[in-house]
Protein chains: 2
Amino acid sequence: MTTPPTTGTQAVDRAALLVATVVRADEPLTFADLQAACGLPKSTTSRMLTALERSELLERNDSGSYVAGPLFWLYATRHDPWEELVRLARPTMDRVGQDTGETVNLSVCRGDRVVQVAQVDSTYLLGTRDWTAVDVPAHSSALGKVLLGYGVVDLPKGELEQLTPYTITDREALRRELAQAVRRGWASTADELEIGLSGIAAPVRGSGGEVVAALGISGPSPRLQDRREEIGRKLSDRAEQLSGLLRRNTRKEGVA
Amino acid sequence: MTTPPTTGTQAVDRAALLVATVVRADEPLTFADLQAACGLPKSTTSRMLTALERSELLERNDSGSYVAGPLFWLYATRHDPWEELVRLARPTMDRVGQDTGETVNLSVCRGDRVVQVAQVDSTYLLGTRDWTAVDVPAHSSALGKVLLGYGVVDLPKGELEQLTPYTITDREALRRELAQAVRRGWASTADELEIGLSGIAAPVRGSGGEVVAALGISGPSPRLQDRREEIGRKLSDRAEQLSGLLRRNTRKEGVA
DNA sequence: GAGTGGAGTTCCACATCATGGAACTCTTCG
DNA sequence: CGAAGAGTTCCATGATGTGGAACTCCACTC
């Protein structure tokens, strides 16, 4: 890491390093943070940051820290990063829908939230409704538990929200629950998000083997009560099939 | 535009120009495209593109053309560009829901598609269902007509899909319809997407005055039939209020 | 299979352009 | 009011990026 084995690109490399540092950090970085992280002299850092800001690759927030610039925002308005995932997952989700008759969901982590990116509706009259983009605390849904268990999302700082008397709010109890879920390959909830609502979910792995999403179903607790094990295993299988698909079809790299 | 009034940043500026060109183009650009677009000598272009690729700011697709690199993708997985819009729009949408009782939707353009980014459900039993992220031809929905009318999305190349006998598939007729919608400030559809389904929508403007989204309702045609005018004007008002909010709250720049 | 042209990479002498230490300018805080 | 911190500007220096030309690698064509 002394001198890159390349030539004629010092300035560009350094500039790119600054941009990459900001984007990967995913939180505003101050001038000093950046200077330290990249190990560049003050004057160089200053000159480059100014140029990058002018070019819209970076931008300063109200407090003067650097964040990803308008070009990144523009890119995000035009590209759905989960498009491919959803496309590849659709057949699997349909099959799960046929298997169980329940509402099927695919969740990923966006920032520090769990979001639903695709859904197949229940065939029953009584079913979970438009779930997409609903913001639900991770520790209270099966999908969330999967993503938590594999470290795709982190628990929020403060108290864990108690949504029903059954919501697990004790961090230690939750840790055990998550560990178990990881061990057996699927997670479940019963009445923890809403009385009467149960969910079961399993991890989906990306091309690098890292967990990128959770595949799950949800429905009325009475209907799922006795099929937990069976559905859990089924989901786990289906999720693994999907993971196989992704391994073959996805772009080279995963998430940082 | 002869010489930028800045100094000591030629390399970075040029590199940034290459990246910006690729991101804004939003389609794979060949080496030659880039060289031409940026007016740089071959050797410089080559050296820089190699460096940018190494830094993950750019990436080459299968056919060797350049596209936005992994850093952009990473950013997109973490940030929802419509988060702010949805947050600001929520109260307005709720109000529209109360006004009309119908399903309320907020749509934007992602790439060349119209996507729903937020929804308030109908209070009626008979209502439009989970609509979010459903892919519907722009010319057959009111929301789509608004975005088409203001040039936020473009019509697809080939034949316009005929979904019902009432779908407008004649480009000239559609052009007139869109012009009228723009003139009066709202668009509507009746049985053009699905028999029995009607929709009404109005444009929402961003901080720069450009149309960035469409606010609309949809419901059974019989229920909307006679209230078209009234709801259209109401929606237009609400959308304008929302636009006012955005003007004050949104980041400096809009869309390219 | 030699011949041609287009597309992109590598080379290298040159001087332009980025470099970074130091001086300078604002703020902030004691 | 003085001192320290944070960031910008200056400028002499030479390392670094530059770009024309030569070169390589295809993909076609006759």
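What's counted below: heavy atoms across the whole structure, side chains too, no hydrogens, waters or symmetry copies. Letters go in sequence order (proteins before strands), and every chain restarts at 1.
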Which whole-number value in Å describes the distance from B/K42 NZ to C/dG6 P?
11 Å

How long is the line joining CG of A/D33 and P of D/dG7, in whole Å?
9 Å

Salt-bridge test for A/R87 and A/E83: reply yes if a basic N is under 4.0 Å from a carboxylate O, no otherwise.
no

Expressed as a whole number of angstroms, how long is the span from B/Q35:CD to C/dT9:P?
11 Å

Whole angstroms only, please: what is the CG-P distance between B/L34 and C/dT9?
12 Å

How long is the line joining CG of B/L52 and C1' of C/dT9, in whole Å?
16 Å

Working note: B/F72 + A/F72, criterion ring-ring contact (aromatic ring centres under 6.0 Å, His included); need CA distance, chi angles, decisive distance, verdict.
CA-CA 6 Å; B/F72 285 89; A/F72 285 90; 4.1 Å; yes

Just the rounded figure in Å: distance from P of C/dT10 to CZ of B/F31.
11 Å

Run the salt-bridge test on B/R171 and B/E159 with the 4.0 Å N-O cut-off and return the result as yes or no.
no

Under 4.0 Å protein heavy-atom contacts per nucleotide of nucleotides 11-17 of chain C, with B for base, S for backbone only and - for none
------S

Could you check whether B/E192 pairs with B/K145 (Lys NZ or Arg NE/NH1/NH2 to Asp/Glu carboxylate O, under 4.0 Å)?
yes

Residue met sooner reading DNA chain D from 5', once B/T44 and A/T30 are mapped to nucleotides:
A/T30

In terms of side-chain geometry, is the basic nitrogen of A/R175 or A/D170 positioned less than 4.0 Å from the acidic oxygen of its partner?
no

Between D/dT18, D/dG7, C/dT9, spot the one nearest the side chain of B/R60, thanks.
C/dT9

Protein-nucleotide distance (B/L49, atom CG; D/dT18, atom C1'), rounded to Å
15 Å

Which residue lies more 5' along DNA chain D, comparing A/V12 with A/A32 via nearest heavy atoms
A/A32

When you check the phosphate oxygens OP1 and OP2 of D/dG19, does a side-chain N or O of B/R14 lie under 4.0 Å from one of them?
yes

Between B/R205 and B/E210, does any NZ, NE, NH1 or NH2 come within less than 4.0 Å of an OD or OE carboxylate oxygen?
no

For A/L40 and C/dG21, what is the distance between atoms CG and P respectively, to the nearest whole Å?
12 Å

Do A/E56 and B/R24 sit within salt-bridge range, that is, some charged N less than 4.0 Å from a carboxylate O?
yes

